[in-house]
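One structure is given below, encoded as structure tokens.
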Amino acid sequence: MRAAMAPPPVIDGQQFLAPGNTAPPPAEVAKAIAQAASTAGFFQLVNHGADAELLARMTAAMHAFFDLPLEEKLKVRRAETNAMGYANDELTKQTRDLKELFDFCRVPHPELPDDHPSNLTIEGYNRWPEGQPEFRAAMTAYYGEMERCSFRLLEAFCLGLGLERTALHHLFEGQHTGFLRLNYYPVLPEGEQAKQMGVHHHTDAGFLTILVQDEVPGLQTLDSGGQWQLVQPIPGALTINVGDQCQVLSNDRFKAPLHRVLPSRGRKRYSAPFFFNPRPDADVAPLPMFIDEEHPPAFRPINWGRFRSLRFAGDYSDLGEEVQISHYRLGGKAAAAAVEDAAAQAAACAASA
Ligand SMILES: O=C(O)CCC(=O)C(=O)O
Ligand SMILES: [Fe+2]
């Protein structure tokens, strides 16, 4: 018999994300987060303390951006050589999504132009629509807030895993590759069959994701009983999920949940996930304290920069399989080497075409 599964838990954050609060995350909160991260992989944080004004400003600016004429949005369209900017043709698992998006990342040198070689990150460089200063200002301020909240959540995750609260900071500090994505799911035209998803099922590749979703339901996560559960929107809450790299570091103690977004019927839907990702040079591998006879290392080491570039190639190409952490799972069928070989072959074919 299948156990009855519950939707992801709601956790009272006790204001630990409030600006200026640098005290260790309360033990009770860290424990509740660890419990959620090791089961559903998703939780909703209420009473978190993150800056509500910045959140409201980001939301208004996001709506205004997607309301721009298509030709304006296409001027900042992302390209094969630059993952940042606008897209309305994303592929998740080689299936077209029914949505538009806008991505931007950390700028190493804000004093230099966005396309200056020093501002080229593994994600690419930022593109901003012309004549929309509020969009850029609101997004940049919100990004800073998400960056700060991510480091606080990292502390809570570490405490929940029984580590020192700053034990994993070195994988992110100074050069993390977190990026903010704005998602817009237009209403599915009347009478049109939903052959596709808003976003096809996937796990998030990085360490953790902080999602703001509006009041229109759509996000679902696969529970351990194999049922899709709605992640019910809660006004003001932050929806947080474990990413692949956290699963690898914790040697499967924390789980990156499969999730998807249903096509929007009747109402438009907006969401904004902040993907907190490691430094490009970070080698991510199961931590020694999570390895013992009963728990041998479940993954071979993953170089984040390499993993990310292979994954991005998959966003564009429908040749071959998108790289997943399962390819790095020890004892798994497909070894990372096989994926890397396939990528090299595809590149060689493209070069000789
Ligand atoms: O729109 C959502 O609620 C989630 C989107 C998502 O999973 C993603 O962009 O990775
Ligand atoms: Fe996602």
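What you see is a predicted model; the values in this text were computed from it and never measured. For ligands, and for the atoms within them, numbers begin at 1 and follow the listed sequence. Both backbone and side-chain heavy atoms feed into the values below; hydrogens, waters and symmetry mates do not.
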Quick one: which of Y184, F66, W128 gives a ring pair (Phe, Tyr, Trp, His ring centres under 6.0 Å) with F102? W128
Pairing of R279 and E173 as salt bridge, 4.0 angstrom limit: no
So, is the end of the R260 side chain (NZ or CZ) under 6.0 Å from the ring centre of W228 and within 45° of the ring's axis? yes
Contact list for residues 286-297, test salt bridge (charged side-chain N to carboxylate O under 4.0 Å, His left out), sequence neighbours left out: none
Which hydrophobic side chains are connected to I234, either touching it within the sub-4.5 Å cutoff or through other members that do? V10, V46
Can you work out which protein residues put a heavy atom within less than 4.0 Å of ligand 1? R181, N183, Y185, H202, D204, L211, L219, H259, V261, R269, S271, P273, F275
Considering just N/O/S atoms, say which atom of H202 is closest to the Fe ion (ligand 2). NE2
Are E100 and N88 close enough that a side-chain donor and a side-chain acceptor fall under 3.5 Å? no
Tell me which N, O or S atom of D204 sits nearest to the Fe ion (ligand 2). OD1
How does the hydrophobic cluster around L120 look, that is, which other residues are in it when side-chain heavy atoms under 4.5 Å mark a link? Y125
